[in-house]
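Side chains included, hydrogens not; waters and symmetry mates left out as well; all remaining heavy atoms used.
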Amino acid sequence: HCKFFSSAMDGLSDSLLEKAVGRGSRWLTDLAEKSQLVAELRPLRRLAWIKQLGLVSAESLEGWAEELQGHRKQYSQLEEEYRRE
């Protein structure tokens, strides 16, 4: 799942992602709410927005990848249906 996020997020290093996974989504959203995702933590902003906007419901970052892949699959299906109309 880390590969999914690393490839989807520009500037997000594997080590920073591992840090976020290790500390959990609550840590990430707490930092975002306090406007502390700056400097070396800046690449984590997209992940925080994903959670804060309700795109994922899982509490673990590992669960987010599966949810986001499901959203992408659903979007692709909607695109395909639209093209057939």
Side-chain angles (χ1 to χ4, degrees):
H1 298 303
C2 288
K3 288 181 185 178
F4 172 82
F5 286 120
S6 294
S7 64
M9 307 285 176
D10 291 335
L12 182 58
S13 67
D14 289 340
S15 62
L16 184 55
L17 181 58
E18 287 175 18
K19 180 178 183 175
V21 169
R23 297 207 177 162
S25 67
R26 189 72 228 149
W27 171 80
L28 181 63
T29 55
D30 284 346
L31 288 177
E33 289 169 4
K34 296 173 186 173
S35 298
Q36 295 179 341
L37 292 177
V38 295
E40 72 275 355
L41 298 178
R42 185 178 173 86
L44 294 173
R45 285 180 167 181
R46 284 187 181 180
L47 289 178
W49 275 107
I50 287 169
K51 180 65 174 176
Q52 290 178 322
L53 293 174
L55 297 173
V56 292
S57 59
E59 288 303 316
S60 71
L61 294 175
E62 294 91 353
W64 294 11
E66 290 177 19
E67 287 186 62
L68 291 171
Q69 286 172 332
H71 292 316
R72 285 182 173 179
K73 182 178 179 180
Q74 183 181 17
Y75 181 77
S76 294
Q77 290 169 341
L78 289 172
E79 278 187 318
E80 184 61 34
E81 289 175 22
Y82 177 76
R83 281 189 221 124
R84 284 185 273 177
E85 291 180 359

Just to verify, which of L28, L31, I50, L37 counts as forming a side-chain contact (heavy atoms from CB on, under 4.5 Å) with R45?
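Exactly one pass, corresponding to L37.
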[X] bridged to [Y] by N-O distance under 4.0 Å:
{"X": "E67", "Y": "R72", "value": "no"}
{"X": "D30", "Y": "K34", "value": "no"}
{"X": "R84", "Y": "E79", "value": "no"}

Matching residue for R83 among E81, E85, E80 - test: salt bridge (charged side-chain N to carboxylate O under 4.0 Å, His left out):
E80
Please give me the minimum heavy-atom distance between Q52 and T29, naming the atom from each residue.
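Heavy atoms of Q52 and T29 come nearest at NE2-O, 4.0 Å.
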Over 12 non-hydrogen atoms of neighbours within 6.0 angstrom of CH2 in W27
yes
Does any non-hydrogen side-chain atom of Q74 lie less than 4.5 Å from one of Q69?
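A side-chain contact is absent here, since even the closest heavy-atom pair is not under 4.5 Å.
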Side chain to side chain, Q77 and Y82, heavy atoms closer than 4.5 Å:
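Answer no - side chains too far apart.
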For the side chain of W64 and the backbone of A58, is there at least one donor-acceptor N/O pair under 3.5 Å apart?
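Checking the backbone N and O of A58 against the side chain of W64, a donor-acceptor pair under 3.5 Å is found.
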Rounded to the nearest 0.5 Å, how far does [atom2] of [Y] lie from [atom1] of [X]?
{"X": "L68", "Y": "E66", "atom1": "CG", "atom2": "CD", "value": "10.5 Å"}
{"X": "E59", "Y": "K51", "atom1": "CD", "atom2": "NZ", "value": "4.0 Å"}
{"X": "K19", "Y": "L44", "atom1": "NZ", "atom2": "CG", "value": "8.5 Å"}

